[in-house]
Protein chains: 2
Amino acid sequence: MSRQFPLNDQAIEIVARRFAVLAEPMRLRLIQALFDGEKNVTELTALTGGTQANISRHLQTLIAAHVLDRRKEGLQVFYRVADPSISKLCGLVCGSLEKTLNQQAAHFDAGR
Amino acid sequence: MSRQFPLNDQAIEIVARRFAVLAEPMRLRLIQALFDGEKNVTELTALTGGTQANISRHLQTLIAAHVLDRRKEGLQVFYRVADPSISKLCGLVCGSLEKTLNQQAAHFDAGR
DNA sequence: ACATTGAATGAGCAAATACGTATATACTTG
DNA sequence: CAAGTATATACGTATTTGCTCATTCAATGT
């Protein structure tokens, strides 16, 4: 295991699917809201400002992708981040984007 | 800079866009093909087995996202990976997916 | 059993996107 | 300048996906 690259076609599809799951603003908001601990659907709906139906749908997508876990407690369902790599991924992307933006800013300054 | 989470709405959109760029199998194949050095469009078209038009389109998407850089040499255009975080991202995702799949395999075994 | 509350799902619509075919652009060479 | 080659783009189409509204499902309390 872990020969890493190059990935075969099926592996590529799976990786692409994982990125796709993280490619929606509302889902990123949900994930982010869960970084500091589990929350139920009502809380998440209030925090992210979406409709309950839409939040619920996105949560199912994240569950199917094993990004989140859920726990039922009476009428409520609590969600939490299941995959520890998620925050690392977001951190990496943020760092890289910062760098790119700084470079662009530098070029902008240089063109004064 | 680098306060990291929580991200504001605009930052969320940008991060989502970055993930979206990585969420297409053909684009992942292109990126992967470039991990071992720059290649021109004809080579990439042959390696990935798509039409030239489609490859070219995906390359433009990756350029716009600053994932790749390009270099013209006569009639040919050579592309290379510009962002070093990309291979780290793919590595992280692969590692996490391996783990998930192993867990599923373990549960499957446990249910024997 | 019924009403109430929290969460999930079905149907329909609008927007985004990936693809192929055809065409255009850029550069080189005769 | 004409022809040829490598790459990019325009256009039309099919598929996917995200959203809302309405409804259903699940669990609790009366």
Side-chain angles (χ1 to χ4, degrees), chain A residues 9 12-34 37-82, chain B residues 9 12-34 37-82:
Chain A
D9 283 3
I12 287 269
E13 299 273 347
I14 295 174
V15 172
R17 179 60 199 156
R18 160 128 304 205
F19 281 126
V21 165
L22 299 176
E24 285 299 326
M26 183 57 88
R27 285 199 285 270
L28 288 179
R29 278 190 210 106
L30 290 168
I31 290 169
Q32 202 175 213
L34 293 173
E38 66 174 15
K39 295 187 175 53
N40 66 30
V41 178
T42 302
E43 291 172 315
L44 289 171
T45 301
L47 278 172
T48 58
T51 64
Q52 181 266 320
N54 198 30
I55 300 303
S56 211
R57 252 182 247 290
H58 283 305
L59 290 171
Q60 304 319 304
T61 300
L62 291 165
I63 287 290
H66 297 98
V67 172
L68 303 184
D69 269 346
R70 35 180 289 167
R71 174 178 73 83
K72 280 193 90 161
E73 184 177 316
L75 276 176
Q76 305 172 17
V77 180
F78 288 88
Y79 288 83
R80 81 192 96 89
V81 177
Chain B
D9 283 3
I12 287 269
E13 300 272 347
I14 295 173
V15 173
R17 179 60 199 155
R18 161 130 301 207
F19 280 125
V21 165
L22 299 176
E24 284 300 325
M26 184 57 87
R27 285 199 286 270
L28 288 179
R29 279 190 209 106
L30 290 169
I31 290 169
Q32 203 175 212
L34 293 173
E38 66 174 15
K39 295 186 176 54
N40 66 30
V41 179
T42 302
E43 292 172 314
L44 289 170
T45 301
L47 278 171
T48 59
T51 64
Q52 181 267 320
N54 199 31
I55 301 302
S56 210
R57 251 195 298 274
H58 282 306
L59 290 171
Q60 304 320 304
T61 301
L62 291 165
I63 288 290
H66 298 98
V67 171
L68 303 184
D69 269 347
R70 36 180 289 166
R71 176 178 72 83
K72 279 192 93 164
E73 184 178 314
L75 274 178
Q76 303 171 17
V77 179
F78 288 88
Y79 287 84
R80 80 190 98 88
V81 177

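Residue numbers begin at 1 in each chain, while the letters A, B, ... track the order of the sequences. Not measured: the values here are computed from a predicted model.
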Can a side chain N or O of A/N54 be found less than 4.0 Å away from OP1 or OP2 on D/dC19?
yes
Given C/dA8, D/dA8, C/dT9, identify the nucleotide with an atom nearest to the side chain of B/Q60.
D/dA8
What does B/R17 touch in the nucleic acid at a heavy-atom separation under 4.0 angstrom: a base, only the sugar-phosphate, or nothing?
sugar-phosphate
Backbone N/O of B/L62 and side chain of B/R27: donor-acceptor pair under 3.5 Å
no
Any side-chain heavy atom of B/R18 within less than 4.5 Å of one from B/V21?
no
Students often get this wrong, so: under 4.0 angstrom with heavy atoms, is A/S56 touching a base, only sugar-phosphate, or nothing?
base
What contact category does A/F78 fall into here, base, sugar-phosphate, or nothing, at under 4.0 angstrom with non-hydrogen atoms?
nothing
At less than 4.0 Å, is any side-chain N or O atom of B/T42 found next to OP1 or OP2 of D/dA6? Yes or no.
no
Quick one: on DNA chain D, does A/L75 or A/R27 contact a more 5' nucleotide (nearest heavy atom)?
A/R27
Between P of D/dT7 and OH of B/Y79, the distance in whole Å:
8 Å
Sugar-phosphate, base or nothing in reach of B/Q52, heavy atoms under 4.0 Å:
base
Whole Å only: how far is the CG atom of A/L62 from the C1' atom of D/dT17?
14 Å
Test item: B/F19 and A/E24 side chains (from C-beta on) under 4.5 Å apart, heavy atoms
no
Donor-acceptor pair, side chain of A/Q60 and main chain of A/R57, under 3.5 angstrom:
no
Check whether any side-chain nitrogen or oxygen of B/K72 sits under 4.0 Å from OP1 or OP2 of C/dC27, and answer yes or no.
yes
Does A/R57 get its side chain close enough to the base of D/dT20, under 3.5 Å, for a donor-acceptor pair?
yes
Counting side-chain heavy atoms from C-beta on, which of C/dA18, C/dA7, D/dT17 comes nearest to B/H58?
C/dA18
